[in-house]
Amino acid sequence: QVQLVESGGGLVQAGQSLRLSCTTSGFTFRYYNMAWYRQAPGKGREFVAAIHYSGQNTNYADSVKDRFTISRDNAKATLALQMNSLKPEDTAVYYCNAGGDIISTEPGEDWGQGTQVTVSS
């Protein structure tokens, strides 16, 4: 079955960086659009960034544009999110998602368990 395992979260100060990874198995990664979502305490899950299965097209939420970079390695079936200039409002659980639409940002059915990112001011 589809497995998505996020890692790389942690506690950092505002202005610092983190790199999240999503290790996948159970499906043909190179044929799936991939995305990151996040959920802050008391809020709904929101779109962060998405990447086309080819790696050629990406889409970002306005709140993270120019600070975050999504990337993928189709040979290793992994997804990454480089997060720079982190802000306290980036504090959330970050989730990896497979199979969604990168334009509409509608997520696919498969989710990881999430990794916690906490940014202190």
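- A donor-acceptor pair under 3.5 Å links the side-chain atoms of Gln113 to the main chain of Glu6, judged by distance alone.
- The two atoms that bring Gly100 and Asn33 nearest to each other are O-ND2, 3.1 Å, heavy atoms only.
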Would Asn74 and Tyr53 satisfy side-chain contact (heavy atoms from CB on, under 4.5 Å), going step by step from the backbone distance to the final call? CA-CA 8 Å; Asn74 282 350; Tyr53 62 82; 5.9 Å; no
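- In this view, Glu89 satisfies the salt bridge (Lys or Arg N to Asp or Glu O under 4.0 Å) rule with no residue, not counting sequence neighbours.
- Asn97 has its side chain out of reach of Leu4: every pair of non-hydrogen atoms, C-beta onward, lies at least 4.5 Å apart.
- Cation-pi geometry between Arg72 and Phe29 is met: under 6.0 angstrom from the ring centre, within 45 degrees of the axis.
- Using a 4.5 Å heavy-atom threshold, the side chains of Trp36 and Cys22 count as touching.
- Side chains of Asn57 and Ile51 form no contact here, defined as non-hydrogen atoms less than 4.5 Å apart.
- At a threshold of 4.5 Å between side-chain heavy atoms, the hydrophobic network of Ile, Leu, Val, Met, Phe, Trp and Tyr places Leu20 and Val12 in one connected group.
- Side chains of Tyr37 and Arg45: a donor-acceptor N/O pair is absent below 3.5 angstrom, by distance only.
- There is no path of hydrophobic side-chain contacts, each under 4.5 Å, that joins Val64 to Tyr95.
- Across all their heavy atoms, Ser121 and Ala14 have their closest contact at CA-CB, 4.4 Å.
- In this structure the side chain of Ser63 reaches within 4.5 angstrom of the side chain of Arg38, judged on heavy atoms.
- A chain of hydrophobic side-chain contacts below 4.5 Å, direct or via other Ile, Leu, Val, Met, Phe, Trp or Tyr residues, connects Val119 to Tyr94.
- Using a 4.0 Å cut-off between charged nitrogen and carboxylate oxygen, Lys65 and Asp62 count as a salt-bridge pair.
- The closest side-chain heavy-atom distance from Val2 to Glu109 is not below 4.5 Å.
- Judged by distance alone, with hydrogens and angles left aside, the side-chain atoms of Thr28 form no donor-acceptor pair with the main-chain N or O of Arg30 at under 3.5 Å.
- Connection of Trp111 to Val48 is not established within any shared hydrophobic cluster, with ILVMFWY side chains joined at heavy-atom distances below 4.5 Å, either directly or through further cluster members.
- For the side-chain contact (heavy atoms from CB on, under 4.5 Å) test, residues two or more places apart in sequence or in another chain that qualify with Ser54 are His52, Gln56.
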Contacts table for residues 78-86: side-chain donor-acceptor under 3.5 angstrom, sequence neighbours left out:
{"unit_1": "Gln82", "atom_1": "OE1", "unit_2": "Arg19", "atom_2": "NH1", "d": "3.3"}
{"unit_1": "Gln82", "atom_1": "NE2", "unit_2": "Asn84", "atom_2": "OD1", "d": "2.9"}
{"unit_1": "Asn84", "atom_1": "OD1", "unit_2": "Ser17", "atom_2": "OG", "d": "2.9"}

Can Asp90 and Arg67 be said to form a side-chain contact (heavy atoms from CB on, under 4.5 Å), step by step? CA-CA 11 Å; Asp90 295 319; Arg67 298 189 299 121; 2.8 Å; yes
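- Side-chain heavy atoms closer than 4.5 Å link hydrophobic residues (I, L, V, M, F, W, Y) into clusters, and following such links, possibly through other members, connects Tyr60 to Met34.
- Taking 4.5 Å as the limit, every side-chain heavy atom of Phe68 sits out of range of all side-chain heavy atoms of Ile70.
- Taking the side chain as every heavy atom from C-beta outward, Asn59 and Thr105 approach each other to under 4.5 Å.
- Remark: the backbone N or O of Thr118 is not paired with any side-chain donor or acceptor of Thr91 at under 3.5 angstrom.
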